[in-house]
Amino acid sequence: MTAKVITRFAPSPTGFLHIGGARTALFNWLYAKAKGGRMLLRIEDTDRARSTEGAIDAILDGLSWLELNWDEDPIFQYSRADRHREIAETLVADGKAYKCYCTPEELQAMREKARAEDRASSYDGTWRNRDPADAPAGIDPVIRFKAPDAGETVIEDRVQGQVRVQNKDLDDLILLRSNGTPTYMLSVVVDDHDMEITHIIRGDDHLTNAARQSQIYKALGWDIPVFAHLPLIHGPDGAKLSKRHGALGVEAYRAMGYLPVALRNYLVRLGWSHGDEEIFSTEQLIELFDLDAIGRSPARFDFAKLENLNGHYIRSTSDDDLLTRLRELLPELDNSRELQEAAGDEVWEKVRLAMPSLKERAKTLVELIDKAEFLFVKRPLTPDAKAAKLLDADALSRLGGLLPVLEKIEVWSLENVEAAVRAYAEANEFKLGKVAQPLRAALTGRTASPGIFDVLFVLGQDEALGRIKDQVSKT
RNA sequence: GCCCCCAUCGUCUAGUGGCCUAGGACGCCGGCCUCUCACGCCGGAAACAGGGGUUCGACUCCCCUUGGGGGUACCA
């Protein structure tokens, strides 16, 4: 019989959902989907001092935005503290754990001694075999795991392969704090077991923990889940991800105008590959994803590639979908106030009309709005420096000559507008660019824009003529 | 310090002993297209960290060095 796959994403709510966490969630989600299993969500909030409500919301919102849905209700680890405590006490009763009364000062001294002696483990086992009757009064003990002191612990990792750790290098970790709350090392094992997790897919930073946890599983007589430790994501400079580059919350990526589908495609390729392929639909990902194709070396975060992918997905997203996302994003933009004031229904209708040519030119939604700005601004436009330079006397006289031609157009269609402008240029022996560039400057206030005929058409006859006159009459 | 993991173009990666004159993608450079900017298309520069083995033959296997990362908490 093959057990159904159950994975879990287990963030600690001490900050936002950063990019590494997002990728871990994605891999867990994909693996569950690929195997027809489920992905559970567990909030690891046993550190009461550092866990916050805001962080929980940020993580849930981040996952939802990325469209990584979890199965069942999230489990809050702290709510299971009684269960964890019970297991710790069982371990003590079975002689597999013990109470330790050492003070922080004694512990500190042990650490320094261990370092001086080039040893990896520091706890010296003072209370491991000492008679509990010697317990000093007035000190609340912690409960420590009685880890095997000889031999080795072998982890069979689906990504990293076989990893061997000498047991002498692992000391007796704390299971229950002196205040009676469980530590991560205990909670994680008990919860993964109780939740019937079959595959633990998480960051490489937990690799050594896997050995410690394996020992606890064995002491409890429980089956050890399959481990898969993902290489970490580094910043562009190869160093640890910091706030300056990449270690932003996923909501920051949303605000920068990235599409969830693009971010997912980018993240999955950080570590996972399928031959030479780069672009994957979610359906393909679910079909192809497997643990065996995950590489073992860490990756650097590269915004340029994310942008490229995002541009690809913007181009292949429907105009209506893009329009919806743009309207949702608007309030988060720096210049949101001005844009929002101008953003009436008729403006959005123009944006929709221009969308096919606009989306060819944008790598992010923020850029998309910026390229559409000429549709939001009100007459008279103030051309930017480069555009103003284009509108010299000669150019303005060419525009002046074009005015009556455009006025004469009865049906303002893309075809008619284009034919009229081309005919005007030809009749006066101007290269098209001689007319198009000044026109672009007058119509958009910039030197770069969608095709000039698209611009003319989308603006509409009255607005287009008005904008040209505004510039021509300045002289 | 000690323990563990990692190492192919600038970046993400393909490669699982001969198919490699090392492939793709992003980025970069040049060209085409062209009303601008993009898109698209064509072309180019660009890598097996170093040293030892093993083998008829190593990018691929082993060891060492170097470099990077992680862990070493009454954090997770």
Side-chain angles (χ1 to χ4, degrees), chain A residues 10-14 44-47 49-51 77 100 102 104 107 111 114-122 140-144 155 157 159-161 163-166 168-171 173-179 181 183-185 187-188 203-212 229 231-232 234 236 238-240 266 269-279 295-309 311-312 315 357-363 371 390 418 421-422 425 431-441 444 446-453 455:
Chain A
S12 61
T14 53
E44 309 217 316
D45 55 353
T46 52
D47 183 348
R50 297 199 304 151
S51 297
Q77 192 158 58
C100 165
C102 289
L107 260 18
R111 264 194 291 275
R115 207 181 168 95
E117 293 170 3
D118 287 357
R119 279 185 290 112
S121 72
S122 62
D140 290 325
V142 298
I143 290 182
R144 282 186 186 271
I155 306 159
D157 193 277
V159 172
Q160 305 293 342
V163 179
R164 297 167 174 276
V165 180
Q166 298 306 307
K168 67 173 171 57
D169 293 328
L170 267 19
D171 55 14
L173 62 268
I174 292 172
L175 259 18
L176 220 55
R177 302 187 180 94
S178 52
N179 66 5
T181 59
T183 61
Y184 163 75
M185 218 56 82
S187 304
V188 108
D204 214 359
D205 48 339
H206 287 289
L207 190 56
T208 321
N209 289 337
R212 298 192 170 90
H229 287 93
L232 267 23
H234 296 159
K240 202 173 167 182
Y266 176 71
R269 287 287 292 103
L270 251 35
W272 178 84
S273 63
H274 185 259
D276 281 343
E277 287 177 59
E278 297 285 349
I279 306 282
R296 293 185 293 176
S297 51
R300 297 183 186 200
F301 194 87
D302 180 20
F303 270 104
K305 187 144 185 178
L306 206 212
E307 279 214 344
N308 173 271
L309 232 25
H312 168 86
R315 272 172 260 135
S357 60
L358 245 22
K359 70 185 183 186
E360 287 290 316
R361 298 168 163 78
K363 292 198 171 69
K371 306 268 184 212
L390 232 38
E418 174 162 0
V421 175
R422 284 190 188 279
K431 287 183 73 176
L432 186 55
K434 287 286 182 193
V435 180
Q437 277 304 83
L439 200 47
R440 187 180 329 275
T444 69
R446 300 190 187 185
T447 52
S449 81
I452 199 62
F453 308 121
V455 171

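Quick note: numbers below take in every heavy atom, side chains included, and nothing from hydrogens, waters or symmetry partners. Chain identifiers are assigned alphabetically (A, B, ...) following the order of the sequence lines, protein sequences preceding nucleic acid strands; residue numbering begins at 1 within each chain.
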Reading nucleotides 10-18 of chain B from 5' to 3' and marking B where a protein heavy atom lies under 4.0 Å of the base, S where only the sugar-phosphate is that close, and - otherwise, the string is -SBSS----

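Relative to the side chain of A:Arg111, the nucleotides B:C4, B:C35, B:A73 differ in distance, and B:A73 lies closest. Here the nucleotide nearest the side chain of A:Ser178, chosen from B:C35, B:C74, B:A76, is B:C74. When distances run from any side-chain atom of A:Lys363 to the nucleotides B:C39, B:U36, B:G71, the shortest one goes to B:C39. For A:His206, counting side-chain heavy atoms from C-beta on, the closest listed nucleotide (B:A76, B:U36, B:C5) is B:A76. Checking B:C5, B:A76, B:G68 against the side-chain heavy atoms of A:Val163 singles out B:C5 as nearest.
As rounded to the nearest Å, B:A22 and B:U16 have C1' atoms that lie 15 Å from one another.
For A:Arg296 and B:C6, a side-chain-to-base donor-acceptor distance below 3.5 Å is absent, hydrogens and geometry of angles not being considered.
Within 4.0 Å of A:Leu232, counting heavy atoms only, lie sugar-phosphate atoms of the nucleic acid but no base atom.
The minimum heavy-atom distance linking A:Val163 with A:Gln160 is given by the pair CG2-CB, 4.2 Å.
The partner of B:U21 is absent, by the rule that a Watson-Crick or G-U pair needs both atom distances under 3.5 Å. As the counterpart of B:A58, no nucleotide is assigned, since no Watson-Crick or G-U wobble pattern has both distances under 3.5 Å.
Using a cut-off of 4.0 Å between Lys/Arg side-chain N and Asp/Glu carboxylate O, A:Glu278 and A:Arg269 are scored as salt-bridged.
Relative ring orientation between A:Phe301 and A:Phe303 is described as perpendicular, the plane-to-plane angle rising above 60° on a 0-90° scale split at 30° and 60°.
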